[in-house]
Amino acid sequence: MQKTSSRLLALLSLLQTPRNWSGDDLAERLDVTPRTVRRDIDRLRELGYPIRAFKGPSGGYRMGTGSPLPPLRFDDDQAVALALALQSAATSPAIGEDAARALSTIRQVMPSRLRQRVDMLQITAVTSPGVGNASPVGTQLLMEVSRVIHAREELRFDYRHDPTGPAGPAGPAGPAEHPRRTQPHHLVTWRGHWYLIAWDLDHADWRVFRADRIRPRTPTGPRFTPRDLPGDGVAAFVTGRFRGTDGSTADWPCRGEVILNLPARAVAPFAQDGVVEELGPDRCRLSLGSWSWTGLAATIGRFDTDIQVIGPPQLADAFAELAARYANAAGPTRGAPDPDSDTSR
């Protein structure tokens with residue numbers, strides 16, 4: 001039989017699993033009698049763990065909620081996973097400082113064998129240009145917005161558009177003229193930024209707001225019945241909005257196919273979420289999407305090779321339009337004779 005201290009820790013680890021445990025199940029797992037399980041439950045309660053009992057043929061237990069946080073116990077894999085998650089969160093401009101402090105606290109109480117495993121997991125965050133310039137959101141704002149979402153209360157806030165940045169899913173650039181009135185739905189992260197998905201009451205439409213530009217007003221508004229997002233869930237909605245759709249689909253609004261005189265292996269690393277099909281040693285088919293036909297044509301034009309458009313016709317028209325623009329931008333051909341000059345003399 002295990003020592004009492006080891007047995008209590010093993011029992012605590014089982015009870016932290018979000019499920020109901022019968023007394024017989026716990027006794028079998030710990031290789032003790034149901035009577036010993038009952039005594040150990042009483043010991044844990046005396047230490048401050050909120051363990052609830054429920055009625056049944058054999059009786060049962062589960063960890064309760066709402067009490068002061070007692071000491072927690074994690075197995076080795078849980079501890080490493082938690083440390084890894086906090087190390088990843090520490091690279092966030094929004095909650096990085098708080099995550100780093102939490103990681104330091106957990107690392108201090110780890111046994112040396114786990115501390116060595118965690119120290120080997122060094123993460124370097126590589127962000128796209130511009131992402132690192134995001135204003136920190138702060139956990140207080142995220143918690144307040146999350147509370148309002150959970151309470152299903154209308155959220156009023158001042159919204160500061162970036163006057164120097166391009167217009168995006170949050171709306172056109174420039175300062176807001178009046179507070180936004182919204183029914184908040186979800187907080188999401190996208191490429192280093194936090195966003196609020198909400199139904200805009202004044203515009204009667206879904207909007208995506210940068211969280212670091214939100215300044216909530218108090219008090220909050222009345223409670224509301226949540227609406228269903230367009231499309232297939234939050235991830236599909238957000239992906240679609242950032243791709244230029246209304247959020248009902250996550251696919252690009254414009255998609256076309258071309259044949260490139262390049263090996264598939266040379267195209268695939270730069271095809272993003274496109275599909276590359278090998279047609280020969282120096283030839284491949286590329287299916288790619290974009291927010292507009294001209295945008296798609298410009299993206300494909302980056303490949304330094306001849307292009308054969310398979311379809312649709314809108315893509316061929318976009319290439320023709322870009323060709324005219326580029327010709328105008330280039331100006332008169334260098335070295336061509338000036339028709340107005342007299343070179344016969």
Side-chain angles (χ1 to χ4, degrees), residues 1-90 92 95-121 123 139-140 142-153 186-187 189 223 226 233-234:
M1 181 179 297
Q2 303 179 70
K3 293 183 179 179
T4 301
S5 57
S6 300
R7 193 175 66 246
L8 288 177
L9 290 175
L11 174 59
L12 180 60
S13 179
L14 292 173
L15 290 173
Q16 287 175 171
T17 304
R19 55 163 287 188
N20 294 334
W21 288 93
S22 70
D24 291 340
D25 286 342
L26 291 173
E28 182 179 354
R29 287 292 191 98
L30 299 172
D31 193 22
V32 296
T33 65
R35 181 180 179 182
T36 300
V37 169
R38 290 193 294 271
R39 289 202 303 263
D40 288 346
I41 291 291
D42 290 337
R43 291 189 178 100
L44 291 177
R45 285 171 173 164
E46 291 174 357
L47 293 173
Y49 291 92
I51 301 173
R52 298 171 54 191
F54 61 90
K55 297 181 179 180
S58 302
Y61 309 93
R62 73 174 300 150
M63 187 70 73
T65 58
S67 299
L69 184 66
L72 301 178
R73 180 180 185 271
F74 301 98
D75 61 33
D76 287 5
D77 291 338
Q78 288 176 323
V80 172
L82 178 60
L84 181 59
L86 287 172
Q87 192 175 153
S88 300
S92 166
I95 59 174
E97 183 178 350
D98 293 332
R101 291 193 297 108
L103 176 61
S104 176
T105 300
I106 290 177
R107 185 184 177 280
Q108 289 177 0
V109 298
M110 280 183 171
S112 58
R113 69 178 189 281
L114 292 184
R115 201 158 48 238
Q116 293 174 1
R117 291 176 61 185
V118 170
D119 289 345
M120 288 189 296
L121 293 169
I123 297 177
T139 55
Q140 183 175 356
L142 296 177
M143 291 299 296
E144 173 59 20
V145 174
S146 297
R147 183 198 68 78
V148 177
I149 292 173
H150 182 74
R152 299 178 178 177
E153 297 174 349
H186 252 83
L187 275 173
T189 58
R223 292 175 60 87
V234 176

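- From Asp31, atom CG reaches atom CG of Leu26 across 13.0 Å, with rounding to the nearest 0.5 Å.
- Residues Arg45 and Arg52 approach most closely at NH2-C, 4.0 Å, considering heavy atoms.
- Partners of Arg152 by side-chain hydrogen bond (donor to acceptor under 3.5 Å, both in side chains), not counting sequence neighbours: none found.
- The CD1 atom of Ile41 sits 5.0 Å away from the CG atom of Leu15 when rounded to the nearest 0.5 Å.
- With rounding to the nearest 0.5 angstrom, the CD1 atom of Ile149 is 4.0 Å from the CG atom of Leu187.
- With sequence neighbours left out, Arg43 forms a side-chain hydrogen bond (donor to acceptor under 3.5 Å, both in side chains) with Asp40.
- Closest approach of Phe54 and Tyr61 over heavy atoms only: CE2-N, 3.0 Å.
- For Gly23 against Val37, the heavy-atom pair with the smallest separation is O-CG2, 4.2 Å.
- A distance of 12.0 Å separates CE of Met63 from CH2 of Trp21, quoted to the nearest 0.5 Å.
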Determine, stepwise, if the pair Arg62 / Ile51 fulfils side chain to side chain contact (heavy atoms under 4.5 Å, CB included).
CA-CA 6 Å; Arg62 73 174 300 150; Ile51 301 173; over 6 Å; no
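- Nearest heavy-atom pair, Pro34 versus Ala27, reported as atom, atom and distance to 0.1 Å: N-CB, 3.8 Å.
- Under the side-chain hydrogen bond (donor to acceptor under 3.5 Å, both in side chains) criterion, Glu144 pairs with Arg147, sequence neighbours left out.
- Residues Arg39 and Thr36 have side chains in contact (heavy-atom distance under 4.5 Å, counting atoms from C-beta outward).
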